[in-house]
Student: 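Structure provided below as structure tokens; questions to follow.
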Amino acid sequence: MNSFRSNLRISAIKPKGSFRTPKSLIPRGPRHQQPLDFSSSKARPTNPSRRWQPKQVAASAFAFALSAAIVNFSYAQIVHAQSPPDTNSKNQPPRFRLDQVRSHGRDAEEKWIIKGNKVYNITDWIPGHPGGEVILRAVGGPVDQYWNIFTIHKKQEVYDILDSFYIGDVDPRDLVDGKVPAEQLADPFKNDPKRDERLIVHSARPFNAETPEEGLNAFITPDDLFYVRQHMWVPEVFEASHKLVVELADGEEKEYSIQDLKKFKEHSITATLQCSGNRRKHMTDESRSTNGLQWEGGAISNAEWTGVRLRDVLKDAGVQIDDLPADIKHVQFEGAEAYGASIPIEKAVDQFGDVLLAYKMNGNPLAPDHGYPLRLLAPGNVAARSVKWITRVRLSEEESTSQWQRRDYKCFGPNIGSQQADWDSAPAIQETPVQSAITSLRDVTPHSAQDSKLLQVYGLEEDSIAVEGYSYAGGGRRIIRVDVSADNGRTWHQAELLPDTAKGAKAWAWSRWRWVLPRQQAGRCFVVKAVDEAYNTQPGEYEPNYNFRGNLTSSWHRVGYRAKPP
């Protein structure tokens, strides 16, 4: 059963089109809903031992109906008192002032929201909300600005569910032109940090931007030029008060402050983070339309990260990392803004896996955009698993139930469209395939003092072309070769892999490469492909690996070239 529908069937005990009685106006009865666990499109009780049986649901429904009948007359009087005078008040839904709605915010027992000019009591929906506790940011006020961020809500199924929690309208005295005044709308992005103007911005709210060429042409990407991928706003968190909770499989928890974590042995590794949508625009341009931000080649960056091993913290919390229970297969992570993801337990506890709880980036405290004061770093995996502003680590038999684990970051065959996708059938992306891209293509001449030094290195004395870029393989696999072509793939040459100072148990960082050739040998299109130590290489075309989400685009990267006139 669809997860939303399951929630609706249990908790919406009312005729369609009517309004619900706020709990504050009716006698207390038994709770009739258990929190739901959203693993893709199927919902189930989070604790199998506490599943509600049909008799319990029926009894709960009867109790609810009986309670509603008992207070029917008195409730009508209360509703009339809350509404402004109206000659046809018996046919009017309840009306609530904005102050009344605000009183039902995050800390209230009952939690209300406004959508448009209607009021909804969503208390019973919150435990099963697929987006987790992010919904608590909206309670006590309008939800419209959040739905503009999470456009997945804008479909009839969700509107039907929301309608089941309708309790009345906003009092017209608080509306301007029939709408809640703009000053009453919370701005979730008001605390977002300022960003470097050189970043190549794809969206401002939430902020998403690529690393510019100057950041891609260095082994270590400067902090302010590191690409930014936000699904929501940047949460306001502070090192002094930030806590990390480790939850074991039996429910036992252990809490750590940042200072507690810094008592563990410190480790530094050099690791590349790459968005699964990096180069998505290339797939769109060379194959078919794809869903998502149209990243070019800059949704990838490299940095030195410092923190403590997740393995060490789990061991301290009581996990038998060398003799794991058979039912522990995943480690789930939650961020302060409600983002969630997970990685396999084998990766989390591998002594050569270098999974960190990081608090520094390139020797500096993490920037707000990159997880201050604490983030997970799962090197070799897609960046979506390296949860920022991490607040909770949970050992589990199953992977994270967040939409970012169960839906967004997956791939399907070229023949599958968004309407045919069976999200449960595709595994979540973890390690990424081999990748390379051209980041710089420039003419060099012996008449330039700086260029002549470069040409001497390659034994050239004529006008030439310098081609540079990055190459990277997931899973810690080392790049062993980069092949470059100046004639659209008809002939190939090996580029020079540039030396670096990468740290880590495996090759978590990208490899920079360079190729210099006489200009007269250049055709109209340069192409690059990389090979990793398992002899994986990039496919030549985009269509065989096409997927409607545009994830893991890794085909040959082509860049056109036109010689400058002499």
Student: Supply the atom-to-atom distance L356 CG to H267 NE2, rounded to the nearest 0.5 angstrom.
Tutor: 8.0 Å
Student: Check whether Q145 reaches the backbone of A186 with its side chain - one donor and one acceptor, N or O, closer than 3.5 Å.
Tutor: yes
Student: How close do S400 and G340 get, counting heavy atoms only, and between which atoms?
Tutor: OG-C, 3.8 Å
Student: Distance alone, cut at 3.5 Å: any donor-acceptor contact between the side chains of Q430 and N381?
Tutor: yes
Student: Once salt bridge (Lys or Arg N to Asp or Glu O under 4.0 Å) is applied, what residue pairs with a partner in residues 213-224 remain, sequence neighbours excluded?
Tutor: R198-E214, R198-D224
Student: Consider only side-chain N and O atoms of Q332 and E399, and report whether a donor and an acceptor are under 3.5 Å apart.
Tutor: no
Student: Under 3.5 Å, side chain of Q538 to main-chain N/O of V434, donor-acceptor pair present?
Tutor: no
Student: Any non-hydrogen side-chain atom of I390 less than 4.5 Å from a side-chain atom of Y339?
Tutor: no
Student: Would you mind reporting whether V482 and E496 have side-chain heavy atoms less than 4.5 Å apart?
Tutor: no
Student: If you compare all heavy atoms of Y470 against all heavy atoms of G297, which two are closest, and at what distance to 0.1 Å?
Tutor: OH-O, 2.8 Å
Student: Regarding E286 and S555, do their side chains bring together a donor and an acceptor under 3.5 Å, going by distance alone?
Tutor: no
Student: Check whether R288 reaches the backbone of Y546 with its side chain - one donor and one acceptor, N or O, closer than 3.5 Å.
Tutor: no
Student: Between E468 and R514, does any side-chain N to carboxylate O distance fall below 4.0 Å?
Tutor: yes
Student: Taking all non-hydrogen atoms of both residues into account, name the closest pair between L552 and P433 and its distance.
Tutor: CD2-CD, 3.8 Å
Student: Between T284 and Q294, do the side chains contain an N or O donor and an N or O acceptor separated by less than 3.5 Å?
Tutor: yes
Student: Salt bridge (Lys or Arg N to Asp or Glu O under 4.0 Å): which pairs involve residues 371-390, sequence neighbours left out?
Tutor: none
Student: Quick check on side-chain contact (heavy atoms from CB on, under 4.5 Å): which of T553, V382, T432 does S276 satisfy it with?
Tutor: V382
Student: Which atoms form the tightest heavy-atom contact between P414 and P544, and what is the distance?
Tutor: CG-O, 3.4 Å
Student: Contact between I328 and S396 at the side-chain level, heavy atoms closer than 4.5 Å - yes or no?
Tutor: no
Student: Could you give the distance from CG (L314) to CG (L248), rounded to the nearest 0.5 Å?
Tutor: 8.5 Å
Student: With a 4.5 Å limit on heavy-atom distance, are the side chains of I269 and L377 in contact?
Tutor: yes
Student: Would D316 and F264 count as a side chain to side chain contact (heavy atoms under 4.5 Å, CB included) here? Give the steps.
Tutor: CA-CA 10 Å; D316 181 79; F264 290 88; 3.7 Å; yes
Student: Under a 4.5 Å cut-off applied to non-hydrogen side-chain atoms, are V393 and V245 in contact?
Tutor: no
Student: Kindly say whether V139 contributes a backbone atom to a donor-acceptor pair with the side chain of K111 at under 3.5 angstrom?
Tutor: no
Student: For the residue pair D354 and W508, establish whether any side-chain heavy-atom pair is separated by less than 4.5 Å.
Tutor: yes
Student: With rounding to the nearest 0.5 Å, note down the distance linking CG in L357 to CD1 in I258.
Tutor: 8.5 Å
Student: Should the pair W423 and F412 be assigned to parallel (<30°), tilted (30 to 60°) or perpendicular (>60°) ring geometry?
Tutor: perpendicular
Student: Between F333 and W389 (judged by ring centroids, cut-off 6.0 Å), do the two rings come close enough to count as a pair?
Tutor: no
Student: Would you tell me whether Y359 and E266 have side-chain atoms, one donor and one acceptor, within less than 3.5 Å of each other?
Tutor: yes
Student: If the test is side-chain contact (heavy atoms from CB on, under 4.5 Å), which one of V143, V158, L162, N148 qualifies with H153?
Tutor: V158
Student: Set out, in order, the CA-CA distance, both residues' side-chain angles and the distance that settles side chain to side chain contact (heavy atoms under 4.5 Å, CB included) for L244 and T391, then state yes or no.
Tutor: CA-CA 5 Å; L244 176 73; T391 59; 5.7 Å; no
Student: For Y146, give me all partners under ring-ring contact (aromatic ring centres under 6.0 Å, His included), at least two apart in sequence or on another chain.
Tutor: W233
Student: State whether the side chain of W404 and the backbone N or O of Y409 hold a donor-acceptor pair below 3.5 Å, judged by distance alone.
Tutor: no
Student: For N302, does its backbone N or O pair with a side-chain atom of T272 as donor and acceptor, under 3.5 Å?
Tutor: no
Student: Under 3.5 Å, is there a donor-acceptor pair between the Y542 and R279 side chains?
Tutor: yes
Student: Is it the case that the side chain of R477 and the backbone of G474 share a donor-acceptor pair, with hydrogens and angles ignored and the cut-off at 3.5 Å?
Tutor: yes
Student: Where do R280 and E296 land on the side chain to side chain contact (heavy atoms under 4.5 Å, CB included) test, with the steps shown first?
Tutor: CA-CA 6 Å; R280 179 181 284 133; E296 294 206 41; over 6 Å; no
Student: When rounded to the nearest 0.5 angstrom, what distance separates NZ in K360 from CH2 in W305?
Tutor: 14.0 Å
Student: A336 and V237: which non-hydrogen atoms are nearest, and at how many Å?
Tutor: CB-CG1, 3.9 Å
Student: Can you tell me if D369 and Q230 form a side-chain donor-acceptor pair at under 3.5 Å?
Tutor: yes
Student: Under 6.0 Å from the six-membered ring centre of F219 and within 45° of its axis: does the NZ or CZ of R512 meet both?
Tutor: no
Student: Can you list the residues that meet the side-chain contact (heavy atoms from CB on, under 4.5 Å) rule with N547, with sequence neighbours excluded?
Tutor: M283, C411, R549, N551
Student: State the NZ-CD distance between K529 and Q435, to the nearest 0.5 angstrom.
Tutor: 14.0 Å
Student: When rounded to the nearest 0.5 angstrom, what distance separates CD in E334 from OG in S342?
Tutor: 11.0 Å
Student: Quick one: do the H330 and E398 side chains pair a donor with an acceptor below 3.5 Å?
Tutor: no
Student: Between Y227 and N278, do the side chains contain an N or O donor and an N or O acceptor separated by less than 3.5 Å?
Tutor: no
Student: Can you list everything that forms a side chain to side chain donor-acceptor pair (under 3.5 Å) with T501? Sequence neighbours excluded, please.
Tutor: none
Student: Does E304 offer a backbone N or O that forms a donor-acceptor pair with the side chain of T270 under 3.5 Å?
Tutor: no
Student: Please tell me whether T221 and T211 have a donor and an acceptor in their side chains that are separated by less than 3.5 angstrom.
Tutor: no
Student: I need the minimum non-hydrogen distance between F207 and A209, along with the two atoms involved.
Tutor: CE2-CB, 3.6 Å
Student: Distance alone, cut at 3.5 Å: any donor-acceptor contact between the side chains of T306 and S268?
Tutor: yes
Student: Establish, from distance only, whether the side-chain atoms of S203 and N208 form a donor-acceptor pair under 3.5 Å.
Tutor: yes
Student: Are the charged groups of R481 and D483 less than 4.0 angstrom apart, N to O?
Tutor: yes
Student: Can you find a heavy atom in the side chain of V313 that is under 4.5 Å from one in the side chain of V319?
Tutor: no
Student: Per the salt bridge (Lys or Arg N to Asp or Glu O under 4.0 Å) rule, what does the pair list look like for residues 233-249, sequence neighbours excluded?
Tutor: E239-K262, E247-R392, E247-R394
Student: Treating D260 as the side-chain partner and S257 as the backbone partner, does any N or O pair qualify as donor plus acceptor under 3.5 Å?
Tutor: yes
Student: Answer whether the closest heavy-atom distance between the side chains of I479 and V531 falls below 4.5 Å.
Tutor: no
Student: Would a distance-only check, ignoring hydrogens and angles, find a side-chain to backbone donor-acceptor pair under 3.5 Å from D192 to V234?
Tutor: yes
